Amino acid sequence: MTEKVAVVGAGRVGQACAFALVLRGSAREIVLVDRVRERAVAVATDMRYGAPLSAPLAISAGDWPDLEGAGVVLVTAGVNEKEGGATDRDDQRGRLKLLEPNAEVYRDIVPRIAQVAPDAVIVAVTDPPDPLADLARSLAGHDRVLSTGTVIDSLRFRTHVAGQLGVHPSAVEGLVVGEHGTSQVMLWSSVRVAGAPLADALHLCAVEQSLDELRAGVERDVRYANIAIIEGNDASQFGIGVVCARIAEAVLRDERVVMPVAAYRKDDGVTIALPTVIGREGARGVLVPSMSDEERGGFERSVQTLRDAVAGLGIA
């Protein structure tokens, strides 16, 4: 089993992914490819100077042939949210506004990836990742394609709930499913704090707001977290960088860990985020969590949102 990860796109998200891979010791070899080769060389060189303090690994800049043997390819190339004007909280398209320009980027690079790294699991990181994963799946001609899905959204969800309760996020069990975008669904009905229902935790933690008030605030903070970060730092990058490193580890080590990445679901006809068993071949199975009627309706609307988006890509 190869321990090589390639990152295609050395912009701010690609750099964050590569740095997280280095710090976590996720792979033995990391290759950066960017349309501006000088940038990839500079980023790899900078990180290589700190690499001796991490687990043994090699990081370098390369060209398309250097992707050969990669077990995972993280695709971060494309127009980001700030450049693409996808930072309006009132625009329900959200990240989907970036689909057309970034689909053109994927049409150029995914066939190159599939040619030189035919056995790799391709992970769509570029926004909007779910429909771009559907496009990548079509272009690559195989099913070893994932989107980062709602892993970062679920972490944000747990973090904000924990912050309201004054507990550590590791104590909070919570999932976000559906689109990595404005139609995502937070599964409040299954939120637990160390196994206890959220309503009980509110009482025990002496939270001075109602459940409805807490829910409204957390929903807002989670759904638009990316925009809040971009307003202060131009790009949302570090959280998703760690997420990508963790996904890469799960694939390379064939861990069978369950994470809410997005994989293609034949029943839905699109790539959409649900708890997914991740292994060497990508998605090894999908679990459908219990949902309230309201949540089920929201998930079905999210499915339709992604169907509508993919319909415009001209793929089967």
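Throughout, numbering of the chain's residues begins at 1 and tracks the sequence. If you're wondering where the values come from, they're calculated on a predicted model, not measured in any experiment.
Residues T276 and M259 fail the side-chain proximity criterion, which asks for heavy atoms closer than 4.5 Å. Between V177 and L187, the closest side-chain pair of non-hydrogen atoms falls below 4.5 Å. Using a 4.5 Å cut-off on side-chain heavy atoms (C-beta onward), L155 and D153 make no contact. Between I113 and L67 the shortest side-chain heavy-atom distance falls below 4.5 Å. In this structure, V172 and T159 have side chains that are not in contact, with every pair of non-hydrogen atoms separated by 4.5 Å or more. Between R223 and M186 the shortest side-chain heavy-atom distance falls below 4.5 Å. By the 4.5 Å heavy-atom criterion applied to side chains, E295 and S189 are counted as neighbours. Two residues are said to be in side-chain contact when any heavy atoms from C-beta on lie closer than 4.5 Å; E281 and V121 fail this criterion.
The stretch residues 123-170 participates, sequence neighbours left out, in these ring-ring contact (aromatic ring centres under 6.0 Å, His included) pairs: F157-W188. Every pair passing side-chain hydrogen bond (donor to acceptor under 3.5 Å, both in side chains) that includes a residue from residues 35-61 is listed here, sequence neighbours excluded: D34-R39.
More than 12 heavy atoms of other shown residues, nucleotides or ligands fall within 6.0 angstrom of atom CD in E213. Other residues, nucleotides and ligands place no more than 12 heavy atoms under 6.0 Å from the CD atom of E100. Within a 6.0 Å sphere centred on CZ of F19, other residues, nucleotides and ligands contribute 12 heavy atoms or fewer. The environment of CD in E294 is sparse: at most 12 heavy-atom neighbours from other residues, nucleotides or ligands sit within 6.0 Å.
Taking each heavy atom of I230 and S236 in turn, the nearest pair found is CG1-N, 3.9 Å. Taking both residues in full, the closest heavy atoms of R265 and I272 are given as CD-CG2, 4.2 Å, listed atom of the first, atom of the second, then distance. Shown here for G174 and V191, the closest heavy-atom pair between the two residues is CA-CG2, 4.4 Å. The minimum heavy-atom distance between L98 and V79, with the atom names listed, is CD1-O, 3.8 Å.
I152 and Y224 end up in different hydrophobic clusters when Ile, Leu, Val, Met, Phe, Trp and Tyr side chains are linked at under 4.5 Å. At a threshold of 4.5 Å between side-chain heavy atoms, the hydrophobic network of Ile, Leu, Val, Met, Phe, Trp and Tyr places M291 and L306 in one connected group. Residues V185 and V258 fall into different hydrophobic clusters, defined by Ile, Leu, Val, Met, Phe, Trp and Tyr side chains chained together at heavy-atom separations under 4.5 Å.
Among residues two or more places apart in sequence or in another chain, the side chain to side chain donor-acceptor pair (under 3.5 Å) test is passed with S290 by none. Legend: residues meeting ring pair (Phe, Tyr, Trp, His ring centres under 6.0 Å) with Y106, ordered by chain and number and at least two apart, are absent. In this view, P65 and D63 satisfy the side chain to side chain contact (heavy atoms under 4.5 Å, CB included) rule, not counting sequence neighbours.
A salt bridge links R95 with D127: at least one charged nitrogen is closer than 4.0 Å to a carboxylate oxygen.
Side chains of D134 and T271: a donor on one and an acceptor on the other come within 3.5 Å. Side-chain polar atoms of S302 and S183 form a donor-acceptor pair below 3.5 angstrom.
Each of V8, L21, I122, T148 was compared with L74 under the side-chain contact (heavy atoms from CB on, under 4.5 Å) criterion, and only L21 meets it.
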In residues 240-248, what donor-acceptor pairs under 3.5 Å come from side-chain atoms, sequence neighbours left out?
from: R246; atom 1: NH1; to: E249; atom 2: OE1; distance (Å): 3.4
from: R246; atom 1: NH1; to: E255; atom 2: OE1; distance (Å): 3.1
from: R246; atom 1: NH1; to: E255; atom 2: OE2; distance (Å): 3.3
from: R246; atom 1: NH2; to: E255; atom 2: OE1; distance (Å): 2.6

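No donor-acceptor pair under 3.5 Å is formed between the side chain of E219 and the backbone N or O of A216.
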